[in-house]
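Proteins come first, then strands; the chains are lettered A, B, ... in the order of their sequence lines, and each starts at number 1.
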Amino acid sequence: EAGVTQSPTHLIKTRGQQATLRCSPISGHTSVYWYQQALGLGLQFLLWYDEGEERNRGNFPPRFSGRQFPNYSSELNVNALELEDSALYLCASSLGSGSTNTGELFFGEGSRLTVL
Amino acid sequence: AQKVTQAQTEISVVEKEDVTLDCVYETRDTTYYLFWYKQPPSGELVFLIRRNSFDEQNEISGRYSWNFQKSTSSFNFTITASQVVDSAVYFCALSEARSSASKIIFGSGTRLSIRP
């Protein structure tokens, strides 16, 4: 069974451009999480989607946005890129569990975004 | 507020030594979940364990053991007889289960290096 897949693996953009990252969850998983892992830092929570809706977002500016499609795949969009947006963006999926979030997360290998 | 602190940024030990990774958490909820994840050099995070707030029993899995103490809000991870393959970044994480808006918050990680 395929794990969480992310694309592209690497992406190079320049300041001011937009980046779109994609994530396909494990089959049967309805929750998708996005995390940012900047060099030397831990995982910073970005967004959580479940059943097509945004459930929560972290402390990031509005130029970070995303969506979840009916097939539960997800996109993360970063507008007006800044140098400090350079990071590894990790997507994770879990079984959506309704009102409680108890699930183990299954992570993809990440998309490395470099902003020049 | 939800917070996870891993005060040890980096630890380096010689193979076969025991090593303990510390994790301290903050939450206002009485129901929550704690996790440990491993991020090997390949980059993909791997789930190690989940513990709910009502289960303070320590757990042992092979060379790995976890010590959960609610009184000190800690969930420490010990590797016994460490091996080079244990070298990785280890993340502790917390999920509050009080509402559908819960998210999983990670600590900043501890980079563990096992020297041969």
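Annotation for Leu105(A) and Phe47(B): closest pair O-CB, 4.3 Å, computed over non-hydrogen atoms. In terms of heavy-atom proximity, Tyr37(B) sits nearest to Glu104(A) at OH-C, 3.6 Å.
For Arg111(B), the CZ atom sits in a loose shell: 12 or fewer heavy atoms of surrounding residues, nucleotides or ligands are nearer than 6.0 Å. Within 6.0 Å of CD in Glu84(A) there are more than 12 heavy atoms belonging to other residues, nucleotides or ligands. The 12-atom threshold is not exceeded at CD1 of Ile60(B), counting heavy atoms of other residues, nucleotides or ligands nearer than 6.0 Å.
Interface residue Gln37(A): only side-chain heavy atoms are found under 4.5 Å from chain B. Proximity to chain A is limited to the side chain of Gln39(B), based on heavy atoms less than 4.5 angstrom apart.
Contacts of Asn59(A) classified as side chain to side chain contact (heavy atoms under 4.5 Å, CB included), with partners at least two apart in sequence or in another chain: none.
With a 4.5 Å cut-off on side-chain heavy atoms, Ile105(B) and Leu43(A) do not count as touching. Put simply, the side chain of Ile104(B) reaches to within 4.5 Å of the side chain of Tyr35(A), judged on heavy atoms.
Cluster annotation: Tyr64(B) and Trp36(B) are assigned to the same hydrophobic cluster (Ile/Leu/Val/Met/Phe/Trp/Tyr, side-chain heavy-atom contacts under 4.5 Å, transitive).
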